[in-house]
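For reference, the structure is listed below as structure tokens.
As the structure lists them, so they are numbered: ligands from 1, and atoms in each ligand from 1. By convention here, the first residue in the shown sequence is residue 1.
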Amino acid sequence: MSKLPSAPIYTSEVYLMACKQFDRAADAINLPESIRDRVKHPRRAVVVSLPIKRDDGSVQVFEGYRVQHNFATGPGKGGIRFHPDVTLGEVAALAMWMSWKTALAGLPYGGAKGGVIVDPSRLSAGELERLSRRYMQELIPFVGPHVDVPAPDLGTNETMMGWMADTWSNHLGRFDPAIITGKPLALGGSQGRREATGAGVAYLVSRYLEDLGVPLGEATVAIQGFGNVGGEAARALARRGARIIAISDHTGGYHNARGIDVDKALACVAANRTLADFDGGDAIDNERLLALDCTVLIPAALERVITPENAPRLRCRILAEAANGPTTFAADRWLEENRPDLEIIPDVLCNAGGVIVSYFEWIQNLENYYWTRDEVLEKLFRQLEQAREAVERQRARFKFSRRLAAQTLGIQRVAEAKQARGLFP
Ligand code: GLU
């Protein structure tokens, strides 16, 4: 049991979920009591107040966060989320998952995450630029290429990363692209970064389909969430030969048993930001999409969408967690006990492609030497394969679920680094 009674400032459903996962994993590997609280709770959190001028001349103040969970093996690393439902607890949970994800992937980083409470679709481009710049400005004392390196997440994109890199560079007096990843190519972004998370999801899905003996051409896929991750996963899986039978975003869902025209759906989102006017399938609501008879279900949006209520209705063979934390703790335990045939690719493995290519982008920035897209993707798949094999070995050795195997590996690596460093002073 953890001795620190709680960390009340982070209290929220999603933080509790990340803590429950941690406690279970820590018990499973007998993590010594003396190290548990050090590994579990965030190292520090920064709360910033972000006043910006609206286009109508008024001033509005937004609230933003950066939670730095651990720096044991390198700078903090993790995206920045712009969403109306962001809370400090959610950002803390996401930062904790970044720690296990970077450790599992063998990256020389800790874990961190940022967020701003805002609906970006309600701001003009100018307002978004002022908010992005102000957020970076307020974080200047707490981030840096060797301190904490942000990146995009839900509701943010490469244009915003470019504005943030510029804000940091102006403060420094010289261009310093290694401050942030997921930038436009023109500002030192990496080839392959935009599609990295989705391409990684497609790679892992293909590998697990291979294990099941299902050819890609016979696989059907349903995807919840059609932002950068869901959209790119759809594109990559369709290219590999799978049939995408359903997609959705917050405006609604579409089902087409003959196969969704993914390029058309991507063009729709590029033109209108959402799938609202898409005409390539029949309307389907969220719960029916999750319960579709398909080979692969990919939640690629928010946390906690697979619950004890809908878990018994899942009919997929593979649940590929492209989102962070899409399956609640209780739903996960239910699936483990009642669906031994279901292959879950847990978030910290499934969506690690994004941060792996962020790492490549950061290396390229620090060295000022840039790689081709093929080099990036080849290295990405190799690194993902190593993580996948480590998870499968851990699973076989201890008879763990795949999630427990992935999380225990990440937690163990962070704990080992902390133990090796000792306690200062
Ligand atoms: N936001 C992404 C994630 O959740 C990417 C983080 C990064 O590239 O640093 O993994």
Side-chain angles (χ1 to χ4, degrees), residues 14 18 65-71 73-83 86 90-116 136 139 143-158 160-161 164-165 177-184 188-190 192-201 204 225 227-233 299-303 320-326 345-365 376 380 383-384 387 406 410:
V14 63
Y65 311 109
R66 184 80 184 165
V67 177
Q68 295 167 331
H69 180 260
N70 106 79
F71 298 126
T73 52
K77 188 82 197 80
I80 302 164
R81 177 169 294 199
F82 276 25
H83 193 277
V86 159
E90 180 196 36
V91 177
L94 291 162
M96 201 192 285
W97 288 326
M98 283 309 303
S99 284
W100 318 148
K101 194 187 311 188
T102 58
L104 173 65
L107 308 180
Y109 288 135
K113 202 82 170 198
V116 176
M136 173 52 85
L139 285 184
V143 295
H146 298 286
V147 179
D148 179 10
V149 184
D153 195 73
L154 214 80
T156 55
N157 58 31
E158 59 182 50
M160 292 151 87
M161 299 305 111
M164 292 191 201
I179 178 61
I180 202 160
T181 59
K183 300 176 295 292
S190 177
R193 174 62 186 86
R194 195 188 306 162
E195 62 268 41
T197 313
V201 170
L204 289 168
N228 180 48
V229 175
E232 290 299 336
L302 285 166
E303 305 91 52
E321 295 186 338
N324 291 307
I345 314 177
D347 50 5
V348 291
L349 172 65
C350 190
N351 67 35
V355 71
I356 291 174
V357 177
S358 274
Y359 168 55
F360 297 159
E361 179 173 332
W362 180 74
I363 295 178
Q364 292 171 78
N365 294 153
V376 169
L380 163 64
Q383 197 131 357
L384 270 179

Review point. Has ligand 1 got any nitrogen or oxygen that is less than 3.5 angstrom from a nitrogen or oxygen of Asn351?
Key: no
Check your understanding: For ligand 1, which atoms sit closer than 4.0 Å to a heavy atom of Lys113?
Key -> 1 (N), 3 (C), 4 (O)
Study note, to complete from the structure: What one should report as the nearest heavy-atom pair of Ala387 and Ala105 is CB-CA, 4.5 Å
Practice item. Identify, for atom 1 (N) of ligand 1, the protein heavy atom at the shortest distance, and state residue, atom and that distance. Key: Asp153 OD1, 2.8 Å
Practice item. Before signing off on this row, confirm whether Lys77 and ligand 1 have an N or O atom pair separated by under 3.5 Å. Key: yes
Point to revise | Proximity of Pro152 to ligand 1 by residue part, where a heavy atom lies under 4.0 Å | key: backbone
Study note, to complete from the structure: Taken to the nearest 0.5 Å, the spacing of Gln383 CD from Phe360 CZ works out to 4.5 Å
Exercise for review: State plainly whether the residues Arg193 and Glu158 are in salt-bridge range, i.e. N to O under 4.0 Å.
Suggested key: no
Study note, to complete from the structure: In this structure, CD1 of Ile80 is separated from CE of Met136 (nearest 0.5 Å) by 6.0 Å
Revision key, fill the gap. Near Ala151 (heavy-atom distance under 4.0 Å), the atoms of ligand 1 are 7 (C), 8 (O), 9 (O)
Practice item. Distance to 0.1 Å, residue and atom name: give those for the protein heavy atom nearest to atom 5 (C) of ligand 1. Key: Arg193 NH2, 3.6 Å
Review point. For ligand 1, which atoms, with element, lie under 4.0 Å from some heavy atom of Lys101?
Key: 3 (C), 4 (O), 10 (O)
Study note, to complete from the structure: side chain to side chain contact (heavy atoms under 4.5 Å, CB included) test vs Ile179 passes for just one of Val143, Asp148, Val149, Val147, namely Val143
Review point. Taking N or O atoms only and a 3.5 Å limit, does Met98 qualify as a polar contact for ligand 1?
Key: no
Check your understanding: Side chains of Asn157 and Asn228: do they bring a donor and an acceptor to under 3.5 Å?
Key -> no
Revision key, fill the gap. One should read off an interatomic distance between Met98 CE and Tyr109 OH, to the nearest 0.5 angstrom, of 9.5 Å
**Study point:** pair Cys350-Val201: side-chain heavy atoms closer than 4.5 Å
**Key:** yes
Exercise for review: Would you mind listing which atoms of ligand 1 come within a distance below 4.0 Å of any non-hydrogen atom of Gly79?
Suggested key: 1 (N), 6 (C)
**Study point:** Numbered atoms and elements of ligand 1 in range of Ser358, under 4.0 angstrom, heavy atoms
**Key:** 7 (C), 8 (O), 9 (O)
Exercise for review: Record the part of Asn324 in heavy-atom contact with ligand 1 below 4.0 Å; permitted values are side chain, backbone, both and neither.
Suggested key: side chain
Practice item. For residues Arg81 and Leu302, determine if any side-chain heavy atom of one lies less than 4.5 Å from a side-chain heavy atom of the other. Key: yes
Check your understanding: Is it the side chain (CB and beyond), the backbone, both or neither of Arg81 that lies under 4.0 Å from ligand 1, heavy atoms counted?
Key -> neither
